[in-house]
Amino acid sequence: MADEVLVFAKPGDARQFFIDEGGKLKCTLCNEKYGSSTSPTRMMAHLAGAEHAKAAGIGGCKPVNTPGNILKSIERRKAAVKFLQESQKEKVAKAQEKEVRITVNGMAAPGSLHLYYNNNTADAATMAVVMFLLESGIAFNVVRSPAFFEMLEAVKKAPVSWKGPTYNAVRTNLLDKAHEHVQDLMSASGVDTEVEIFGLTVAADAYKDATSRQIIGYVGNTSNGSVRFLGSMSTEGESQTADYLFEHAVKVIEAVGAKTVKAFITDSASNEKGCGKLLEARYPWLLHLPCAAHGTDLLLADIGKLPWAKDAIDIAHQIVVYFRKYEWAQALLREESKKGSKKELVLPGNTRFGTALIMISRVVEMRADLESSVRNKKYLDHLPKTHKKGIAPPPSPPKKKKTAGGASLSGAGGVAPSCPQASKGKSPRLRKPSFKSVIATPSHAGALKPGLAVPSAKEKAVQMAKTVRNNVLDDDAWLQLEFLVDICKPIYALLRFCDSNKLGIGKLYYRFCMLLVWVEACFGDVDKQALWKEYRTASLKAEHGPRYKVTKEDLFMPSIVDAEHNSCFEAGSIKAALIDLITSRWNFLHRDAHGAAYCLDPESWGHIISHDPNGEVVLGLNRILERLTNSAKECAEARLQWLDYKLKMNSFSGTNLVMWEAARKMPAHLWWYEFALPKAPELSKVAMRLLSICVRSSGLERAWSTYEFIHNRRRNRLRATRASKLVDIFSNMKLVRMKARKAASGLEGLPIPWMWELDGKEDEDVEEDERMSEVEELVEEDDDLEMMLVG
C-alpha cells in the first residue's frame with residue numbers, strides 16, 4: 001500500500017491526508033478517488049460534510065467502518081471546515097483589496113458597497129436591495145409585498161456558498177415548480193371546498209398579445225366572487241370554429257372537474273354560441289350563458305349610435321383630444337383644474353367597459369375648468385388672428401419656386417415659358433403630386449388647383465382651437481352632454497353591477513325591467529316616477545345602510561321631453577328609441593336561467609308576478625328544474641317545494657321572521673344553503689347551483705390587463721405557454737394571499753376583490769395619471785376612430 005502523503009495541507013493543519021494512487025487522489029477514510037486537478041477547496045468540502053460537499057458539487061465523505069476511522073473523520077471534518085472558513089475570509093479580503101473606486105466629477109463608480117459604508121453589512125445589504133430595484137426598474141411598492149419579505153428571510157437562512165438561481169433554471173424548471181406550488185396553495189386555501197358545494201363558473205374570452213398573437217383564456221368564478229385563472233393557449237394559425245373552441249373548452253372543463261362546472265360564459269359571437277350548444281349537449285347540467293357585462297356594454301354602444309348621442313360624444317371627444325394632444329393646452333387646463341375640480345380628462349380604453357361614458361362624465365365635471373381655460377389669454381393667442389373692420393390683412397408676397405438652374409418657374413414678368421427648355425439652365429424636374437394633394441383634388445379636375453391645397457398642421461390646430469372654444473362656450477352643447485350622462489346613469493350602474501364580483505344573476509331580470517321604468521319616468525309618467533323613486537330609495541339604503549338620507553340629487557330624473565325639444569326631434573322619438581334598444585338587448589341576453597334565478601332569489605319574493613305578466617320567468621324555472629334534476633320524481637318534488645316557497649307555506653312559513661329577514665341581507669345562494677337545504681333539498685340544490693352563477697366573463701378583461709403587464713411590447717419574446725404560467729402565478733397568488741388575510745381578519749365569507757384591489761384601496765404612491773392610464777388609450781387627431789359608448 002502506498003504511503004500517505006500530504007496532498008493539500010495548510011500550515012498548522014496536518015490532518016488533511018490523501019493517498020496518491022497512479023495520479024488519482026484517494027481518500028483514506030472512504031476510498032473515493034478524484035482527479036489530480038481537483039481543487040483544494042473541493043477536496044476540503046469532501047471532508048467537511050454533506051452540506052459543504054453539496055454546495056461545492058462533490059460527494060461527501062462516508063468513512064469505512066473500521067477501527068480508528070470514525071475518530072479520524074471527526075478530526076479531519078473539523079480541520080476541513082476550518083480550512084474552508086479561512087479560505088472564504090481570504091477570498092473576501094483579496095476581493096476588497098482589488099476594489100478600486102474611481103471617481104468622476106465627485107461621484108463614486110460601481111464597486112463594493114461595503115467600502116462605502118465602512119463595512120457596515122446592514123447598510124450595505126439595504127443599499128444593494130435598493131440598487132437592484134432601481135437598476136431593474138422595479139416599482140417601489142414591491143418592498144411592501146409579502147413575497148419580498150419571504151424572499152429576504154429565505155436568503156438569510158441560505159448557506160454562505162449559495163449563489164442564487166441561474167437564468168435558465170428560473171425560466172424552465174423553477175418556473176414549473178413554482179406553478180405546481182401555486183396550484184397546491186390554491187387547493188389548501190379552501191377554493192376547492194367552495195367549488196365542491198356550489199360549483200364553478202368557467203368563462204372564456206379571446207385576446208391579442210403584444211405580438212398580435214391570438215390568445216384564448218379561461219377563468220373560474222367561485223361562489224364568493226373570487227376569480228381563479230385557469231390558463232390560456234395560443235390559437236395562432238388556427239381557424240376558431242365552434243368545433244375547435246369546443247375541443248379546447250372540454251379540456252379545461254375536464255381538468256377542473258366536469259361535474260363541478262355549472263355554467264360556461266362567453267361573448268355572443270356565432271362560433272362561441274355554437275361552442276356553447278355543443279357543451280350543453282355533452283354536459284346536460286351545464287348552462288351556456290352570454291356575458292351580462294358585454295351585453296350591457298353593447299346597450300351603451302347602441303345608445304351611442306343614436307344621432308343625438310353621437311353628436312354629444314363627438315363634441316366631448318374633440319374637446320378631450322385637443323387638450324390631451326397639445327402640451328400647452330394640457331398645462332393650461334391643469335393649472336385651472338388645480339383651482340377647481342382637481343381632475344384630469346380621460347379617453348376611452350380597450351379593456352374597460354363604459355369608458356366613453358366616463359370620458360363624457362369627466363368633461364361635464366370639469367366644465368368650469370374648461371370654460372376658464374378657453375377664456376384664458378394663453379388660449380386666445382392660439383386662435384385665428386382677427387383684423388379691424390374695413391382694413392384687410394396685408395397680402396402675403398407670392399412664393400417663387402426656382403429651378404435647378406436658378407430660373408423662376410413662372411418665367412420673366414410672370415409669364416410661364418412655353419416649354420421647359422425656355423428657361424436658362426436645366427429643365428425643371430416634374431414631381432409626382434403627393435397623396436394628400438391628390439385626394440384633395442376633385443376627380444373631374446385635370447390639374448391641381450392652388451385653392452384646394454391641404455391645410456398645414458398649424459392651420460388645422462388653429463381651426464381646431466376655435467372649434468373647441470365654441471363648443472366649450474355653447475350652452476346647448478352642455479345640455480346635450482349633461483342629458484346623455486344623466487339618462488345613462490342607471491345603465492352604467494347596471495354595467496358596474498354586472499362587472500363587479502357580486503353574483504347578480506337573480507337580480508339581472510328585475511334590474512333590466514327597472515330600466516324600462518326609468519325611461520317612462522323620465523318621459524313624465526307619474527306612476528313610473530313613484531315606482532322609480534321607491535326602487536332607488538330601497539337600493540341606496542341597501543347599499544349605504546338604513547340611516548342613509550336620500551337627497552334630491554339621488555332621485556333626479558332628466559326630462560326626455562325637454563331634450564327632444566332642445567334637439568328639435570319628434571316628440572317621443574328618444575323615448576321610443578331607448579325602449580326599443582333596452583328591449584332588444586334584453587332579448588339578446590335573456591335565457592331560462594335568468595328567469596329561474598329571479599324566481600328563486602328571496603330578495604325578489606313578492607313582486608315576481610307584477611314583472612311577469614306573460615309567465616316568462618315561471619316557464620324558465622320549470623325548464624331549468626327539468627334540466628337540473630336527476631329524475632321526474634325529483635323534479636316534481638322541487639315544483640311542490642317551489643309552491644311552498646311562493647306562498648310562504650310549510651318549510652317557508654311567513655312566521656319564520658329570522659329566515660325572511662335574512663333574505664334581505666344574505667347572498668341568495670347562502671340563504672338557500674342555510675335555511676332551506678334541510679327542509680327542501682331538491683329545490684335548494686337547484687337554487688344554490690343557479691344563484692351562485694357569475695354571469696360575466698369580464699374577469700378575463702382584467703386577466704388580459706395582467707397579461708399585458710407581464711407580456712408587453714418590450715418583453716415580447718415569451719412563449720404563450722410560459723406567459724400563461726406567469727399570469728397564472730401572478731393572479732392566483734394574489735387570490736391566495738387575499739383569502740389568507742380575510743381569514744386572519746375574520747372576513748372569510750365576504751366576497752374577494754380582484755387581484756390588485758388590496759384593502760379596497762389603491763396604492764397611495766400611484767399618481768392620478770398612472771391610475772387613469774388603465775382606462776386611457778391616447779389617439780392621434782387623424783385616426784379614423786368611430787366613437788361609441790363602448791370601452
Side-chain angles (χ1 to χ4, degrees), residues 308-349 354-388 457-489 492 551-553 556 558 562-563 566-567 766-781 783 785 787 789:
W308 55 272
K310 191 175 186 305
D311 291 342
I313 297 169
D314 291 340
I315 291 171
H317 181 250
Q318 191 177 41
I319 292 172
V320 175
V321 166
Y322 183 79
F323 279 97
R324 294 300 299 264
K325 184 173 182 179
Y326 296 101
E327 184 180 356
W328 68 268
Q330 190 170 23
L332 177 60
L333 180 60
R334 283 175 176 169
E335 184 179 344
E336 296 294 338
S337 177
K338 290 178 182 178
K339 308 172 188 176
S341 64
K342 297 179 175 60
K343 294 184 177 180
E344 291 274 350
L345 294 175
V346 294
L347 277 165
T355 50
L357 188 61
I358 296 175
M359 174 191 73
I360 302 172
S361 302
R362 184 59 60 86
V363 170
V364 172
E365 291 174 7
M366 298 181 65
R367 176 179 179 176
D369 303 332
L370 291 167
E371 290 178 344
S372 301
S373 298
V374 299
R375 290 192 176 104
N376 193 294
K377 184 179 181 303
K378 295 179 182 178
Y379 193 96
L380 298 177
D381 291 340
H382 289 77
L383 295 178
K385 305 299 180 184
T386 58
H387 304 278
K388 295 182 180 180
K458 184 176 180 181
E459 292 171 341
K460 290 168 67 176
V462 170
Q463 186 60 37
M464 191 174 180
K466 181 180 178 181
T467 305
V468 168
R469 185 175 188 274
N470 292 339
N471 287 333
V472 170
L473 299 179
D474 186 0
D475 291 337
D476 291 337
W478 287 111
L479 287 176
Q480 281 184 279
L481 294 174
E482 290 170 357
F483 174 74
L484 180 59
V485 171
D486 291 336
I487 201 67
C488 290
K489 275 184 179 178
Y492 182 74
T551 63
K552 292 183 179 180
E553 295 180 356
F556 172 75
D562 293 343
N566 294 333
S567 302
V766 180
E767 298 293 337
E768 176 72 15
D769 288 343
E770 295 177 358
R771 287 197 296 267
M772 295 314 302
S773 65
E774 293 184 359
V775 296
E776 288 180 358
E777 181 181 289
L778 295 180
V779 294
E780 297 295 332
E781 179 190 1
D783 284 352
L785 177 67
M787 284 301 303
L789 281 177

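Note that the structure is a prediction, hence the values are computed from the model and not measured.
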Stepwise side-chain contact (heavy atoms from CB on, under 4.5 Å) check, W478 with E371
CA-CA 11 Å; W478 287 111; E371 290 178 344; 3.8 Å; yes
Report yes if the side chains of E335 and K378 come closer than 4.5 Å at any heavy-atom pair, otherwise no.
yes
At what distance, to the nearest 0.5 angstrom, does NZ of K343 lie from OG of S361?
9.5 Å
In sequence, state the C-alpha distance, the side-chain angles, and the governing distance for H382 and Y326, and then conclude on side-chain contact (heavy atoms from CB on, under 4.5 Å).
CA-CA 11 Å; H382 289 77; Y326 296 101; over 6 Å; no
Do the side chain of S337 and the main chain of L333 share a donor and acceptor less than 3.5 angstrom apart?
no
When you measure from the side chain of Y322 to the backbone of H317, do you find a donor-acceptor pair of N or O atoms at a distance under 3.5 Å?
no
How many angstroms lie between CD in E336 and CZ in R375, if you round to the nearest 0.5 Å?
11.0 Å
Please assess D369 against R334 for the test side-chain contact (heavy atoms from CB on, under 4.5 Å), listing each intermediate value before the final yes or no.
CA-CA 9 Å; D369 303 332; R334 283 175 176 169; over 6 Å; no
Between Y492 and L357, what is the shortest heavy-atom contact and its length?
CB-CD2, 3.5 Å
Please round to the nearest 0.5 Å and tell me the distance separating atom CZ of F556 and atom OG1 of T551.
12.0 Å
Derivation and outcome, side-chain contact (heavy atoms from CB on, under 4.5 Å), residues L484 and I313
CA-CA 9 Å; L484 180 59; I313 297 169; 4.1 Å; yes
Between L481 and A312, which heavy-atom pair has the shortest distance, and what is it?
CD2-O, 3.1 Å
Residue pair V346 / R324: nearest heavy atoms and the distance that separates them
CA-NH1, 4.0 Å
Roughly how far apart are N376 CG and L332 CG, rounded to 0.5 Å?
4.5 Å
For the CD atom of E365 and the OG atom of S341, what is their distance to the nearest 0.5 Å?
7.5 Å
Quick one: closest heavy-atom pair of A465 and Y379, and the distance?
O-OH, 2.8 Å
Atom pair CE (M359) and CG (L345), whose distance is rounded to the nearest 0.5 Å
9.5 Å
Holding to salt bridge (Lys or Arg N to Asp or Glu O under 4.0 Å), I want the full list of residues that pass it with K338, two or more places apart in sequence or in another chain.
none
Got a sec, which pairs hit salt bridge (charged side-chain N to carboxylate O under 4.0 Å, His left out) with one end in residues 463-480, sequence neighbours left out?
R367-D475
To check you understand the geometry: which heavy-atom pair defines the closest contact between F323 and S373, and what is its length?
CE2-CB, 4.2 Å
Would you check, one step at a time, whether the test salt bridge (charged side-chain N to carboxylate O under 4.0 Å, His left out) holds for R362 with E344?
CA-CA 8 Å; R362 184 59 60 86; E344 291 274 350; over 6 Å; no
Is it the case that the side chain of W308 and the backbone of Q480 share a donor-acceptor pair, with hydrogens and angles ignored and the cut-off at 3.5 Å?
no
